[in-house]
Number of protein chains: 2
Amino acid sequence: MFCRTPTAFLNFHSSKAHRVLYAFFRSGTMALSTPVPPASLLEEMVVPSRQLFGPGPSNMADTIADAQHRNLLGHLHPEFIKIMADTRLGLQYVFKTKNSYTFAVSGTGHSGMECALVNLLERGDRFLVVEIGLWGKRAADLAIRMGIDVNIVAAPHGEAIEEYKPQVVFVCHGESSTGVVQPLDGIGEICHQTGALLLVDTVASLGGARFDADALGVDCVYSATQKVLNAPPGLAPISFSDRAIEKIRNRKTRVASFYFDALELGNYWGCDAEIKRYHHTAPISTVYALRTALAIVAKEGIDASIDRHYQNAQLIYKLLEANSLEPFVEKEEWRLPCLTTVKVPAGVDWKEVADDLMAEGVEIAGGLGPTVGKIWRIGTFGLNSDKTKIEQVISLLARAVKKRCNL
Amino acid sequence: MFCRTPTAFLNFHSSKAHRVLYAFFRSGTMALSTPVPPASLLEEMVVPSRQLFGPGPSNMADTIADAQHRNLLGHLHPEFIKIMADTRLGLQYVFKTKNSYTFAVSGTGHSGMECALVNLLERGDRFLVVEIGLWGKRAADLAIRMGIDVNIVAAPHGEAIEEYKPQVVFVCHGESSTGVVQPLDGIGEICHQTGALLLVDTVASLGGARFDADALGVDCVYSATQKVLNAPPGLAPISFSDRAIEKIRNRKTRVASFYFDALELGNYWGCDAEIKRYHHTAPISTVYALRTALAIVAKEGIDASIDRHYQNAQLIYKLLEANSLEPFVEKEEWRLPCLTTVKVPAGVDWKEVADDLMAEGVEIAGGLGPTVGKIWRIGTFGLNSDKTKIEQVISLLARAVKKRCNL
């Protein structure tokens, strides 16, 4: 079709690149195979109903399931860009931050850790990990893979940060392998006095334990969607302070990842004033889910959500005591309100008890790493931080323990 | 509670690590802020209905939307492990491969590229990129970030692979920025003669154009879920040949990523004979979606799905011709059957035409990179490769073009 004056079009097939490739190709057409479809894939997918009281994922809220059922939009459609913008506002709200670079990485919680490290650290930097459980080990391991100097605080050092002179300090706020919530007061201040950036993991704690990114002087914080937020896994909320972004902008070397490049992701999510560049295709349904999850928290209020988790945790401690069971974390202020760890009584096999609950469709978990066999982990995230549900799960636990004692 | 003989429990709070941390903390409790919930987040999420005929995401099949509505399972529950196993079988089926290391990366299509590169390449390696559009540029850029020697084939070299002696050669099978499907016959053979690994991007082509990973000698192939498979974005199907895994196992340096470590991911997805280690929490709903999408392809048959895309592409060419519109790719065997590029006639503004269609709830896209302004891109992926839908979209396009010509 010609419309007014015809002009020359880009002719891709006369381009150099194409001629090159053509030289590679044989004229013959390959015989392609015709595999047989796998039989098990043709059977119905089995998804039994479950009460998820493990360390995550938690039960998905119905409105979030509905959101995931909605038709897809293009990732550059204005309606979807609005959904991303609302999601950013919600993330700033739950992190309690004004950081412009607040968005969600298109991956699970662990991708948040990876995004933080590959952007904040470069060769020549020193990374100080406060290791209080599994997640510090993981962060240290990843930094070692990246060729970073890593120090792990594992012996008493009141002045550890000053001593090691790190560029970045890692602390896990809610340690899901032990059920400890780590008070962060003062750490940001010490970091900033020594010029270090404070990086905090809130995967298991965000929305379920007191946290205030700006007041605590946190420079980078990441989380996940499948714990207190009751959304499916698949996005890692993350936020970078201006100091963190300044360090990233002044890197000597480029970030060795495109997928996790914070400045590219920030541009994609509308965090800067630049024209939006194509980065990747966001996981549309999962963004719908996160936006809906954040709206649920916003409706309840972030502080009300956190208070509810603390109050219901009190109920758990009371019920455990009434059933002669003991929390693993002795000091109450160190207990993570949304994930309670319970000592496995001597002579009881943790797995048999967990299996008894699973037979009733209720999931609780055992320990992880050094706590395997020694504890149960009971997550009461978001909608599962509910009086009736808690009474049910603790009652099932107590009954199963008693049964195993009487064997 | 004591049950039989009490034993000593791990007392986390008397551990060294805990004492260290305690030394950091001030006794005072911080004043935390109480932010106001963002008003726009409290409004309903707006998701207008859309016919998605752009380069992706495509429309989600109803059964896939239903799958995403299902309740979550734990990522280690036996029922979910079965769903992962079925998904792997489905991926082997659509890639046409027997590769044991066939799974899905928990990220969007681009994460497949990143997973491939960080595992297959290490410093000292040479990477040859056959650049025929945007995706080759991206792969080259990522490798440069990683400190790899990169050569881009951009001038005629019949013997390019032998000349450059690369460890890995990248080719994009379905180039979504131009609508070209790249014949791959013989490239695998040349790569293997020179000891190189062949890496292929099938993000835009898998299930919609002829491809056979094993017959073509492909060593690593990745794709995405939101094109022919009609699932939401969020997973990157990937497969590594035994040769690729052997190279990964014999790396001199560790993979500088934990999230994308192919051997860890392979273990997590059940590709090896080792005991399953915890890696990350899979995006449960998106895995349901992918499993369902693969079952749809398996029911139709992979070859029948591909044939349908070729047949419907013929229909598109016929309708374009009837409306005096021209495909951008001249040679018919180089046209990607699931994504047709159409020349924008002289004097017509591509954007105005696309906007006219969008006003009717139908998305088509413009060019990308060097093709901006010169082409429209019409994706007919999976369920959108349908006679009635194609007649509708081409008719809307022709009407909008005519309208703009008469202005």
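Below, chains carry the letters A, B, ... as their sequence lines are ordered, and counting in each starts from 1. Reckoned from all heavy atoms, side chains included, excluding hydrogens, waters and symmetry mates. Predicted model, so just to flag it, every value in this text is computed and none were measured.
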Consider only side-chain N and O atoms of B:Thr108 and A:Tyr259, and report whether a donor and an acceptor are under 3.5 Å apart. yes
What I want to check is whether the side chains of B:Asp212 and A:Ser33 have a donor and an acceptor closer together than 3.5 Å. yes
Test your reading of the model: is there a side-chain donor-acceptor pair from A:His75 to the backbone of A:Tyr278, 3.5 Å cut-off? no
Check whether any side-chain heavy atom of B:Gln68 sits under 4.5 Å from a side-chain heavy atom of A:His69, and report yes or no. no
Less than 4.5 Å apart, any side-chain heavy atom of A:Ile83 and any of A:His77? no
Assess whether side chain to side chain contact (heavy atoms under 4.5 Å, CB included) is satisfied between A:Leu41 and B:Arg291, documenting all intermediate values. CA-CA 8 Å; A:Leu41 194 63; B:Arg291 194 259 185 225; 4.2 Å; yes
To the nearest 0.5 angstrom, please state how far the [atom1] atom of [X] sits from the [atom2] atom of [Y].
{"X": "B:Thr178", "Y": "B:Lys374", "atom1": "OG1", "atom2": "NZ", "result": "13.0 Å"}
{"X": "B:Arg210", "Y": "B:Leu184", "atom1": "CZ", "atom2": "CG", "result": "12.5 Å"}
{"X": "B:Phe211", "Y": "B:Ile302", "atom1": "CZ", "atom2": "CD1", "result": "10.5 Å"}
{"X": "B:Lys82", "Y": "A:Met45", "atom1": "NZ", "atom2": "CE", "result": "11.0 Å"}
{"X": "B:Lys96", "Y": "A:Thr34", "atom1": "NZ", "atom2": "OG1", "result": "5.0 Å"}

Under a 4.5 Å heavy-atom cut-off, does chain A meet the side chain of [X], its backbone, both or neither?
{"X": "B:Ser40", "value": "both"}
{"X": "B:Leu52", "value": "side chain"}
{"X": "B:Met358", "value": "side chain"}
{"X": "B:Ile284", "value": "both"}
{"X": "B:Val105", "value": "neither"}

Between chain A and each of [options], count heavy-atom pairs under 4.5 Å; write down the option with the most.
{"options": "B:Gln92, B:Arg50, B:Met113, B:His280", "value": "B:Arg50"}
{"options": "B:Gln226, B:Glu43, B:Arg138, B:Glu363", "value": "B:Arg138"}
{"options": "B:Leu89, B:Asn71, B:Asp303, B:Leu76", "value": "B:Asn71"}
{"options": "B:Gly56, B:Ser106, B:Pro57, B:Ala85", "value": "B:Pro57"}
{"options": "B:Gly54, B:Ser49, B:Gly234", "value": "B:Ser49"}
{"options": "B:Asn59, B:Asp86, B:Leu294", "value": "B:Asp86"}

Who wins among [options] for the most heavy-atom pairs under 4.5 Å with chain B?
{"options": "A:Arg254, A:Lys299, A:Met60", "value": "A:Arg254"}
{"options": "A:Thr286, A:Leu368, A:Val36", "value": "A:Val36"}
{"options": "A:Ala282, A:Gly107, A:Ser257", "value": "A:Ser257"}
{"options": "A:Ile375, A:Leu73, A:Asp66", "value": "A:Leu73"}

Counting only non-hydrogen atoms closer than 4.5 Å, does [X] touch chain B with its backbone (N, CA, C, O), its side chain (CB onward), both, or neither?
{"X": "A:Ser58", "result": "backbone"}
{"X": "A:Leu72", "result": "both"}
{"X": "A:Tyr288", "result": "both"}
{"X": "A:Asp214", "result": "neither"}
{"X": "A:Val118", "result": "neither"}

Angle class for the B:Phe258/B:His279 ring planes (parallel below 30°, perpendicular above 60°, tilted otherwise)? parallel
